[in-house]
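Model, not experiment: these values are computed from the prediction. Count residues from 1 along the sequence.
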Amino acid sequence: MLLSREKLHGNYDHIIGESPAHLKVLKRIDTFAKSDKIVLISGETGTGKELVARALHAESLYAMHRIVIVNCAEIAENLIESELFGHERGAFTGADNQHIGLFETASGSTLFLDEIGELPIRLQPKLLRVLQENEIRRMGGTKQIPVKVRVLTATNIDLIEAVAAGKFRRDLYERLKSLHIQLPALRERREDIPTLARHFLKKETNASSRKVANINPEVLSLFDAYSWPGNIRELEGIIGRAVLLAEDGEILPHHLPQDLRTPQVDPLPLTDETASANSNDAERFVLCFPCFLMGTTLKEIEKSAILTTLARENGNKSKTAKTLGIHRRTLHNKLRDYNA
């Protein structure tokens, strides 16, 4: 069936793109928005999961209330239970006052649990119970408190793999997966790149005093050839950087980062000899980065290595950190610096 925006009931003009893969996502949003059921949004880092969550809320029955957003990966493990479910005075050392959790705060509206795959496994049964019973009990409390919340969740990891690894409960996954929106990577919707680039150019120039009106066709050709490991968020960052550097009202190739101006080279496959030497890590691979060229900074090389590995691991931050040999928190900080 041919998809088009004209057949959608909601207003999604702010979600840019006309590719079949993108229109399929809009159709899913349109279909799920009026339901009060849980929606799982999955996709690589930078594909726009929060934008989809906001669109689901804006077209929902709860749109008159503010959406409540929490990133499960950004809250310390010893604090997340209190943040989600609240606590009573004296529930633990330092709990000097009663605290209302996010489920109660969001009652009557939408609660978006981003990076749900990072929720500590000890809390997953409690979340499952809240989703089933529509009531919470604060830490240190004795009574059940009814809550009416539309829950949206998002993840950039493969939850099926997380279940198999014992890091995510199967019963919770089964509860979350019934309404699922899978976001395509930017490299899977290349026909949308020129429109997205021009959208970000207009957004950037409107927010600044820069007079940059055009994107050179050669730049668009480079965009089309690039792998976009950081997806839409990376494209927005690159346009913002280029606008600052452009002097003649047009974004030109030399305004782009070095790794984007260099032809892309796919990671080298494992040879039998290499695979044998790495038998304890079957997923290890050798990366060939074209950014090791004259004039390329170490910071650009590092960024290329991190984003390319993240793309190769399908946005799985834990696997990416393991492959690169760095701590996951270090990876998280690096991605935040890259706006990825």
Treating Arg5 as the side-chain partner and Asn11 as the backbone partner, does any N or O pair qualify as donor plus acceptor under 3.5 Å? no
Is there a side chain to side chain donor-acceptor pair (under 3.5 Å) between Asn156 and Glu44 once you walk through the steps? CA-CA 5 Å; Asn156 60 14; Glu44 294 178 11; over 6 Å; no
Looking at Ser60 and His57, would you say the former's side chain and the latter's main chain have a donor-acceptor pair under 3.5 Å? yes
Quick one: pull up CD in Gln124 and CG in Leu131 and give me the separation to the nearest 0.5 Å. 11.0 Å
Any heavy-atom pair between the side chains of Glu83 and Val70 that's under 4.5 Å? no
I want to check something: taking the side chain as every heavy atom from C-beta on, are Glu115 and Lys317 in contact at a cut-off of under 4.5 Å? yes
Inspect the surroundings of NZ in Lys202 and state if more than 12 heavy atoms from other residues, nucleotides or ligands are less than 6.0 Å away. no
Just verifying a value: how many Å separate Ile100 CD1 and Ile136 CD1, rounded to the nearest 0.5 Å? 7.5 Å
Flag, side chain of Asn214 to backbone of Asn216, donor-acceptor distance under 3.5 Å: no
For Arg233, does its backbone N or O pair with a side-chain atom of Asn231 as donor and acceptor, under 3.5 Å? no
Judged by modelled atom types alone, do Tyr12 and Asp30 share a side-chain donor-acceptor pair under 3.5 Å? yes
Do Leu196 and Val243 land in one hydrophobic cluster if side-chain heavy atoms of ILVMFWY residues count as linked below 4.5 Å? yes
Linked, directly or transitively: Leu260 and Leu220 (ILVMFWY side chains, under 4.5 Å): yes
Is it the case that more than 12 heavy atoms not belonging to Lys126 sit under 6.0 Å from its NZ atom? yes
Quick check: closest heavy atoms across Ile251 and Ala242, and the distance to 0.1 Å? CG2-CB, 3.7 Å
For a 4.5 angstrom cut-off between non-hydrogen side-chain atoms, does His65 reach Thr110? no
Quick one: are Glu191 and His22 in side-chain contact, heavy atoms under 4.5 Å? no
Once you round to the nearest 0.5 Å, how far does CG of Leu79 lie from CD of Glu74? 13.5 Å
Go through the steps to decide whether Glu81 and Met139 satisfy the test side chain to side chain contact (heavy atoms under 4.5 Å, CB included), and finish with yes or no. CA-CA 8 Å; Glu81 183 174 4; Met139 293 177 65; 3.6 Å; yes
What one should report as the nearest heavy-atom pair of Lys49 and Gly46 is NZ-N, 4.5 Å
Arg210 (side chain) donor-acceptor with Leu244 (main chain) under 3.5 angstrom: yes
Heavy atoms only: give me the nearest Val25-Pro184 pair and the separation to one decimal. CG2-CD, 3.7 Å
What I'd like to find out is whether the side chain of Glu18 reaches to under 4.5 Å of the side chain of Thr195, using heavy atoms alone. no
In this structure, would Ile29 and Leu8 fall into the same cluster of hydrophobic residues linked by side-chain contacts under 4.5 Å? yes
Does the distance from a Lys or Arg side-chain N to an Asp or Glu carboxylate O, for Lys167 and Glu118, drop under 4.0 Å? no
Just wondering, more than 12 heavy atoms not from Glu247 lying within 6.0 Å of its CD? no
If you measure from CG on Leu113 to CD1 on Ile80, what distance do you get to the nearest 0.5 Å? 8.5 Å
Under a 3.5 Å distance rule, please check whether Arg150 uses its side chain to pair with a backbone N or O of Lys37 as donor and acceptor. yes
Heavy atoms, side chains only, cut-off 4.5 Å: are Leu152 and Leu40 in contact? no
Are Phe103 and Val151 close enough that some pair of their side-chain heavy atoms sits under 4.5 Å apart? yes
Atom pair CG (Leu252) and CZ (Arg261), whose distance is rounded to the nearest 0.5 Å: 11.5 Å
Do Tyr226 and Glu234 have side-chain N/O donor and acceptor atoms under 3.5 Å apart? yes
Return the minimal non-hydrogen interatomic distance between Arg175 and Gln132, and the atom names on each side. NH2-CA, 3.8 Å
Checking side chain to side chain contact (heavy atoms under 4.5 Å, CB included) for the pair Phe85/Val130: CA distance, chi angles, key distance, verdict? CA-CA 9 Å; Phe85 309 116; Val130 173; 3.7 Å; yes
Given 3.5 Å as the limit, does a donor-acceptor pair link the side chain of Asp158 with the main chain of Ile160, or not? yes
Do Leu56 and Tyr62 belong together in a cluster built from hydrophobic side chains that touch within less than 4.5 Å? no
Does Asn206, at its CG atom, have more than 12 non-hydrogen atoms belonging to other residues, nucleotides or ligands within less than 6.0 Å? yes
For Arg190 versus Ser227, what's the shortest heavy-atom pair and its separation? NH2-CA, 4.0 Å
Have Gln182 and Ser42 got a donor and an acceptor in their side chains that come within less than 3.5 Å? yes
Step by step, work out the side chain to side chain contact (heavy atoms under 4.5 Å, CB included) result for Ile41 and Thr153. CA-CA 6 Å; Ile41 308 163; Thr153 64; over 6 Å; no
Could you please spell out the steps behind the side chain to side chain contact (heavy atoms under 4.5 Å, CB included) verdict for Leu201 and Ile215? CA-CA 8 Å; Leu201 174 61; Ile215 302 174; 3.8 Å; yes
Got more than 12 heavy atoms from elsewhere within 6.0 Å of NE2, His14? yes
Report the distance from atom CG of Leu84 to atom CG of Leu123, rounding to the nearest 0.5 Å. 7.0 Å
Are side-chain heavy atoms of Thr47 and Leu186 found at a separation under 4.5 Å? no
Identify whether the distance between the nearest side-chain nitrogen and carboxylate oxygen of Asp192 and Arg189 falls below 4.0 Å. yes
For the pair Trp228 and Phe223, name the ring-plane relationship: parallel under 30°, tilted 30 to 60°, perpendicular over 60°. perpendicular
Using modelled atom types and a 3.5 Å cut-off, is there a donor and acceptor pairing between side-chain atoms of Lys143 and backbone atoms of Arg137? no
Output yes when a side-chain donor or acceptor of Arg28 lies under 3.5 Å from a complementary backbone atom of His180, and no otherwise. yes
In one Ile/Leu/Val/Met/Phe/Trp/Tyr side-chain cluster, 4.5 Å: Leu222, Val212: yes
Which heavy atom in Leu111 sits nearest to a heavy atom in Ala106, and how many Å separate them? CB-CB, 3.9 Å
Lys34 side-chain N/O to Glu59 backbone N/O, donor-acceptor pair under 3.5 Å: yes
Flag if over 12 foreign heavy atoms under 6.0 Å of CZ, Arg89: no
Testing Leu127, Leu119, Leu159, Ile121 for side-chain contact (heavy atoms from CB on, under 4.5 Å) with Arg169, which one passes? Ile121
